[in-house]
Colleague: 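I'd like to ask some things about the structure below.
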Number of protein chains: 4
Amino acid sequence: MYFNIDPKKNVPLYEQVIHQVKEMCAKGILQPNEKLPSVRELSSQMVINPNTVSKAYQELERQGVIVTIRGRGTFISEDFTHTFDPRLLKNMKQSLKQIIIDSHYAGITKEELTKWIEEVYKEIGGQKREN
Amino acid sequence: MYFNIDPKKNVPLYEQVIHQVKEMCAKGILQPNEKLPSVRELSSQMVINPNTVSKAYQELERQGVIVTIRGRGTFISEDFTHTFDPRLLKNMKQSLKQIIIDSHYAGITKEELTKWIEEVYKEIGGQKREN
Amino acid sequence: MYFNIDPKKNVPLYEQVIHQVKEMCAKGILQPNEKLPSVRELSSQMVINPNTVSKAYQELERQGVIVTIRGRGTFISEDFTHTFDPRLLKNMKQSLKQIIIDSHYAGITKEELTKWIEEVYKEIGGQKREN
Amino acid sequence: MYFNIDPKKNVPLYEQVIHQVKEMCAKGILQPNEKLPSVRELSSQMVINPNTVSKAYQELERQGVIVTIRGRGTFISEDFTHTFDPRLLKNMKQSLKQIIIDSHYAGITKEELTKWIEEVYKEIGGQKREN
DNA sequence: GTGGTCTAGACCACA
DNA sequence: GTGGTCTAGACCACC
């Protein structure tokens, strides 16, 4: 459980935590039913405010990525169900488009970008969550 | 020159303007040396504050997308030169990774995502900026 | 942390702030990782509008001189990396040429001007930033 | 008489004209008593507004670089006398300091900067105005 | 507490 | 007419 958090980035800390957890799940580093560190543990380990970790956990739970069982702790959820939110899809599509355009302005060719994407899928490929 | 701005989105207004201009340039709707609407014009057209448009224009100029000529107005740059900023590249790569993971969680397959990307490139394909 | 701002000068206030911060960094008065006064603090201290300070800070961050950490404040960067922007170089060269010509018109000899330059380098010499 | 004017620069056009004239004088391209093109001539040659040229000429005359003789035209002044304006000196010194600091941030060493200065003096060296 | 965004409205320099 | 700067004051997200 190593977290890579950079307060200098303009991405909010709590979002970085969310991203990290989701990434580790996708890569299979975190397995379903696995226990996550407590809010206090994680916050002291990362040297950030407990509220920040708490907020991240809440959002992760809202997204169905984790579940907290009162008195027992927080766990990776066993049964992740995709939620087809059309607005979410639209947003992702738009973000993707924006990145493509920006990369285009930065001189990145379609081939390079495709290579990047391949790399990401390779990292998470063997551990595809298919439930 | 139709702009689509949504004040309800959590993306800042001025960034939305930036995105739109860059997208229109990439698609060829805006051609090099073409005049953009004046700050006041665009702001009244979009029903937003002139300062907001101004901020967007200034950032676009910083990125080299447009040039402003004193007392005359703002124009699409004719000579866009890519700047290889390693930090920028890293950020884009990370954003891309995040979108892929999020899309993965939303149940989007690699094939679907690749299709999306193809679509974007098709839109901007014929008008590739090649300087 | 004493700032000298002159609203009567034709140099914009926010640029004066930028210059001052960069000068203090170069002289070693401000050290890497040191915290800068908050936007509100500095603005009330200088009796200028917070937005003006904010604009200066944002530009300084863009230049890599400072970093802002969300909810914590702004700090002098610890790792300043030079960016070789050819346009920037050209501009500086031209400004320099102009000053030399103007000083020439004002009757300043090459020797005097060289002495001025020596003085500036002496001020910042011992504290050279060597990222 | 070739003028190099770039409306895209953030330096006002009329200042660019002033700079050019002064530079050409310093280099000896323009000699004392030499006639300058009329406002109309120059403005049409440069494709800029006559008012802009006029403003430049007025400022040049104020600085004593040129003289206009009603009905005859505008000429490079024969007897240029240095004006020791302490405020002007202070401003130049400050501008110089700022350029040095900025160049320092851009990774330019003292040696490089000195070389730049040498080059400028070499250009204007043989034609030093000493009256 | 921090900075970021936005608005409204003013003034100025430039062309 | 153009964009640039500055102020005053508001609201928000983040920590």
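All chains are named by letter (A, B, ...) in the order of the sequence lines, taking the proteins before the strands, and each is independently numbered beginning at 1.
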Colleague: Among F/dG3, E/dC14, F/dT7, which nucleotide has an atom closest to any side-chain atom of B/Arg70?
Modeller: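 The nucleotide sitting nearest to the side chain is E/dC14.
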
Colleague: Once you round it to whole Å, what is the distance between P of F/dT5 and CD of C/Glu59?
Modeller: 10 Å

Colleague: Do B/Arg40 and F/dG3 have a side chain to base donor-acceptor pair shorter than 3.5 Å?
Modeller: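 Looking at the base of F/dG3, it does pair with a donor or acceptor on the side chain of B/Arg40 (distance under 3.5 Å).
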
Colleague: Whole-Å distance between F/dC6 P and C/Lys8 NZ?
Modeller: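 One finds 16 Å between P of F/dC6 and NZ of C/Lys8, rounded.
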
Colleague: Please confirm whether the shortest side-chain N or O distance from B/Thr68 to OP1 or OP2 of F/dG3 is below 4.0 Å.
Modeller: no

Colleague: Does C/Ser54 make a side-chain N or O approach to OP1 or OP2 of E/dG3 shorter than 4.0 Å?
Modeller: no

Colleague: So do the side chains of A/Gln94 and B/His19 get within less than 4.5 Å of each other, counting heavy atoms only?
Modeller: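 Side-chain contact under 4.5 Å: no.
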
Colleague: Between D/Tyr14 and E/dA15, does any side-chain N or O lie under 4.0 Å from OP1 or OP2?
Modeller: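 It does not, given that no N or O in the side chain of D/Tyr14 lies less than 4.0 Å from OP1 or OP2 of E/dA15.
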
Colleague: Please give, in whole Å, the distance from F/dC15 C1' to C/Lys35 NZ?
Modeller: 13 Å

Colleague: If you assign each of C/Ile48 and C/Ile69 to its closest nucleotide in DNA chain F, which residue comes earlier from the 5' end?
Modeller: C/Ile48

Colleague: What is the distance, to the nearest angstrom, from the CD1 atom on B/Ile5 to the C1' atom on E/dT5?
Modeller: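 To the nearest whole Å, that distance equals 14 Å.
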
Colleague: Take the protein atom CD of C/Gln58 and the nucleotide atom C1' of E/dT5, then report the distance between them rounded to whole Å.
Modeller: 9 Å

Colleague: Between B/Pro50 and D/Glu15, which is nearer to the 5' end of DNA chain E once each is assigned its nearest nucleotide?
Modeller: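 With D/Glu15 and B/Pro50 compared, the 5'-side residue is B/Pro50.
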
Colleague: Can you tell me how far P of E/dC14 sits from NZ of D/Lys9, to the nearest Å?
Modeller: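 Whole-Å distance recorded here is 16 Å.
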
Colleague: Is there a side-chain polar atom (N or O) of C/Thr52 under 4.0 Å from OP1 or OP2 of F/dC6?
Modeller: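 No, outside the criterion.
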
Colleague: Kindly indicate whether the side chain of D/Leu42, heavy atoms from C-beta on, has any atom under 4.5 Å from the side chain of D/Leu36.
Modeller: no

Colleague: Could you tell me whether the side chain of B/Asp85 reaches within less than 4.5 Å of the side chain of C/Thr83, counting heavy atoms only?
Modeller: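 They are not in contact (no side-chain heavy atoms under 4.5 Å apart), so the answer is no.
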
Colleague: Given the structure, check if the side chain of B/Asn51 and the base of E/dG9 hold any donor-acceptor pair shorter than 3.5 Å.
Modeller: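 Between E/dG9 and B/Asn51, which were checked side chain against base, a qualifying N/O pair under 3.5 Å is present.
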
Colleague: Mind checking who F/dC14 pairs with, Watson-Crick or G-U wobble, both distances under 3.5 Å?
Modeller: E/dG1

Colleague: Distance check needed: F/dC14 C1' versus A/Ile18 CD1, whole Å only.
Modeller: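 Atom-to-atom, A/Ile18 to F/dC14, this comes out as 13 Å.
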
Colleague: Could you check B/Gly71 against C/Pro37 and say which one's nearest nucleotide on DNA chain E is further toward the 5' end?
Modeller: C/Pro37

Colleague: Is there a side-chain contact between B/Arg62 and B/Glu59 in this structure, where contact means two heavy atoms from C-beta onward sitting under 4.5 Å apart?
Modeller: yes

Colleague: Within a strict 4.5 Å, meaning less than it, do heavy atoms of the A/Met92 and A/Leu89 side chains meet?
Modeller: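 With C-beta onward as the side chain, the pair touches.
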
Colleague: From the list F/dC14, F/dT7, F/dG3, which nucleotide is the closest neighbour of the side chain of A/Lys55?
Modeller: F/dC14

Colleague: Check the distance between F/dG3's C1' and B/Leu60's CG and give it to me in whole angstrom.
Modeller: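 It works out to 14 Å between those atoms.
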
Colleague: Counting side-chain heavy atoms from C-beta on, which of F/dG4, F/dC15, E/dC14 comes nearest to D/Pro12?
Modeller: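 Comparing F/dG4, F/dC15, E/dC14 against the side chain of D/Pro12, the answer is E/dC14.
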
Colleague: May I ask you to say what D/Leu13 touches in the nucleic acid, namely base, sugar-phosphate or nothing, with a heavy-atom cut-off under 4.0 Å?
Modeller: sugar-phosphate

Colleague: Under 3.5 Å, is there a donor on one side chain and an acceptor on the other for D/Glu61 and D/Thr68?
Modeller: yes

